Amino acid sequence: MTTTEDNSICIQILDRKYNIKCPSNEVIELQEAAKVLDEGMRQLKQTGGVTTTEQIAVVSALNISHELLQLKKQNNN
């Protein structure tokens with residue numbers, strides 16, 4: 001993961017590189033988020049239950065959304 005002069009950051013998820021514009025004060029958080037996403041997607045890929053990159057991405061998004069909702073509920077209690 002690298003940062004360029006135009007406030008873009010290059011992240012790698014499932015061996016694909018993505019250039020994302022990012023404010024300089026959020027680079028570390030974006031890198032951490034990309035790492036968590038990459039690890040989650042790799043785990044799903046290894047289980048063999050989902051086969052296409054699109055399915056892996058959708059299931060990963062659902063898992064992350066579920067975690068977020070659980071955390072929000074915990075904070076409200």
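Small disclaimer: the values here were computed from a predicted structure and weren't measured.
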salt_bridge(Asp15, Arg42) N-O dist < 4.0 Å
yes

With clusters defined by side-chain heavy atoms of hydrophobic residues (ILVMFWY) lying less than 4.5 Å apart, directly or transitively, does Tyr18 cluster with Val36?
no

Return the CG to CD distance between Asn76 and Gln74, rounded to the nearest 0.5 Å.
10.5 Å

To the nearest 0.5 Å, what is the distance between CD (Gln46) and CD1 (Ile56)?
10.0 Å

From CD1 (Ile11) to CG (Leu30), nearest 0.5 Å
5.0 Å

Output for pair (Met41 CE, Lys45 NZ), nearest 0.5 Å, gives 9.0 Å

Interatomic spacing from CG in Asn77 to NZ in Lys73 - rounded to 0.5 Å
9.5 Å

Quick one: does Leu68's side chain get under 4.5 Å of Ile64's, heavy atoms only?
no

I'd like to know whether CG of Leu14 has more than 12 heavy-atom contacts from other residues, nucleotides or ligands below 6.0 angstrom.
yes

Whether the side chain of Gln55 engages the backbone of Thr51 through a donor-acceptor N/O pair (distance < 3.5 Å, no angle test) should be reported.
yes

Ile13-Ile28 co-clustered via ILVMFWY side chain contacts under 4.5 Å:
no

Using 0.5 Å steps for rounding, measure from the OG atom of Ser60 to the CG atom of Leu44.
4.5 Å

Is Glu54 atom CD crowded by more than 12 heavy atoms from other residues, nucleotides or ligands, each under 6.0 Å away?
no

